[in-house]
Amino acid sequence: MNSYIERVIGKVNAKYPYQPEFCQTVEEVLSSLDTVVERHPEYEKVDLLGRMVEPERMFSFRVVWQDDKGFAHTQNGYRCQFNGAIGPYKGGLRFQKNVNPSVMKFLAFEQTFKNSLTGLSMGGGKGGADFDPTGKSDDEIMRFCQSFIQALYRYIGPDTDVPAGDMGVGGREIGYMFGEYRRLKGNFENGTFTGKGFSYGGSLIRPEATGYGSVYYLENVLKHDGEQLAGKTIACAGFGNVTWGICKKATELGAKVVTLSGPDGYVYDPDGVNTPEKIDYLVEMRNSGRNKVQDYADKFGAEFHAGEKPWGVKADIIMPSAMQNDVHMDSAEKIVANKVRYYIEVANMPTTNDALRYLMEQPDMIVAPSKAVNAGGVATSGLEMSQNSERLFWTADEVDRQLHRIMDTIYENSVQAAERNGLGYNLVAGANIAGFERVADAMMAQGLF
Ligand code: GLU
């Protein structure tokens with residue numbers, strides 16, 4: 001490996017041993033950049049990589065909220081404004097009990113490259129809180145969102161930092177946060193957030209966009225392989241917004257999602273999650289706040305496997321669409337033993353680095369990386385920002401058409417970046433290189449800071 005890259009990875013590991021997810025993503029991204037950095041010795045002089053692995057700014061704040069019985073609770077809130085070289089910071093907010101500085105930084109770092117890949121003008125950011133929405137009442141959620149924004153509102157804005165949803169944050173939470181933001185600022189400010197409701201500036205197709213985009217990307221992979229989506233089976237994880245979008249689009253295109261998962265285990269439905277009733281039920285399960293996938297198995301008579309992950313199931317395509325580090329070496333070995341050809345990451349960093357390397361080494365496997373596959377979500381957020389600033393409202397078809405075009409371009413740019421660097425058909429390295437190059441050029445142009 002290039003010695004400058006090695007040194008930067010080494011420094012991050014030494015400096016942040018207590019931030020394992022962040023160290024993991026830095027290693028994953030930088031280790032793809034060998035040929036690029038070799039070609040640009042000037043990067044080292046201006047310490048481009050060392051600057052790129054440090055957030056421009058990151059802050060944490062106290063969020064106090066009152067439960068329905070009148071008791072106060074104190075959580076930790078964060079916003080990591082990682083890199084603003086190519087546009088205002090942009091990225092979701094995650095409310096989940098395991099949120100911590102390492103998780104925030106890994107997500108914001110990934111976001112920087114993902115947003116760059118979309119070709120739109122969006123820098124990388126991420127935020128959230130260690131608040132667990134499971135079992136909370138609607139009033140409790142509202143009070144939490146309001147407190148969160150009381151701490152954050154000064155530091156975001158349509159040209160500064162544009163938050164959106166992520167795990168635990170959907171349309172309802174965005175509505176409460178935007179309401180509080182507007183109250184405090186006394187200004188609509190072009191919506192500031194994305195993923196808003198359709199009545200106040202939200203974009204059609206934004207809720208579906210991450211899932212739809214990942215299926216559009218997958219279609220490109222299949223086409224390259226002389227295959228098509230119709231008739232294929234897909235093993236997914238999670239049952240949230242992203243998986244819901246995959247189920248909708250996969251069904252429309254004649255494929256079948258056969259697994260879902262949750263913190264309680266996984267569901268195997270060999271008939272597919274492919275009727276409007278089943279697909280709508282995912283939304284109902286999410287809204288119930290129970291966070292249990294077993295409810296699906298009980299309702300539709302599917303198999304439920306308590307405490308297990310779905311990666312041992314035989315399917316044509318694996319799409320880990322739940323959370324980070326969901327697929328470890330033991331799961332990767334099962335996937336290889338099942339002779340799966342398409343491993344399409346969807347959740348942010350769903351694969352541990354050793355498992356990812358192992359899967360990429362398999363001669364008969366095609367691996368696609370999450371930062372490209374799931375970029376349709378944030379890309380459509382970018383389209384929402386455009387509509388807000390033009391004070392226009394595009395039709396669903398128009399947004400979907402643009403999303404489709406962006407996903408095709410991300411795929412093409414990744415393929416070409418890898419080929420240009422002599423790496424063959426390597427979608428993982430290609431996405432890292434293509435995402436990196438644009439941010440690197442912008443940072444070089446903007447001088448030292
Ligand atoms: N949280 C999503 C992601 O991981 C969406 C971010 C956004 O729309 O800003 O990309």
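One-based numbering, in listed order, for ligands and for the atoms of each. For the single chain, residues carry numbers from 1 onward in sequence order. These figures come from a predicted structure and were not determined experimentally.
Assignment of G165 to the shell around ligand 1 is supported, since a heavy atom sits closer than 4.0 Å. In this structure, R206 is part of the shell of residues with a heavy atom less than 4.0 angstrom from ligand 1. Within the structure, ligand 1 has Q111 among the residues with a heavy atom less than 4.0 angstrom away. Contact annotation: K126 has at least one heavy atom less than 4.0 Å from an atom of ligand 1.
Judged by distance alone, the side chains of S137 and D139 never bring a donor and an acceptor atom under 3.5 Å apart. Defined by atom type and a distance below 3.5 Å, a donor-acceptor pair is present between the side-chain atoms of N388 and K196. Using modelled atom types and a 3.5 Å distance limit, the side chains of D130 and N98 yield no donor-acceptor pair.
G92 N, 3.6 Å is the protein heavy atom nearest to atom 6 (C) of ligand 1. When hydrogens are left out, the protein atom nearest atom 9 (O) of ligand 1 is K90 NZ, 2.7 Å; that is the closest non-hydrogen contact.
Using a 4.0 Å cut-off to heavy atoms of S381, the atoms of ligand 1 that qualify are 7 (C), 8 (O), 9 (O). Ligand 1 places these atoms under 4.0 Å from at least one heavy atom of G91: 9 (O). Which parts of ligand 1 touch K114 is read off a 4.0 Å heavy-atom cut-off, strictly below it: atoms 3 (C), 4 (O), 10 (O). Every atom of ligand 1 is numbered from 1 in the order shown, and the set under 4.0 Å from a heavy atom of A164 is 7 (C), 8 (O), 9 (O). Using a 4.0 Å cut-off to heavy atoms of N348, the atoms of ligand 1 that qualify are 4 (O).
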Tell me, with the steps shown, if Y181 and F193 meet ring-ring contact (aromatic ring centres under 6.0 Å, His included).
CA-CA 10 Å; Y181 177 81; F193 293 75; 5.8 Å; yes
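Contact of the D280 side chain with the E284 side chain is not registered, since no non-hydrogen atoms from C-beta on lie closer than 4.5 Å.
Put simply, the residue from F95, F131, F148, Y176 that forms a ring-ring contact (aromatic ring centres under 6.0 Å, His included) with W65 is F131.
Salt-bridge annotation for E54 and K11: absent, with no side-chain N of the basic residue lying under 4.0 Å from a carboxylate O of the acidic one.
Side-chain rings of Y281 and F239 stay apart, their centers remaining 6.0 Å or farther from each other.
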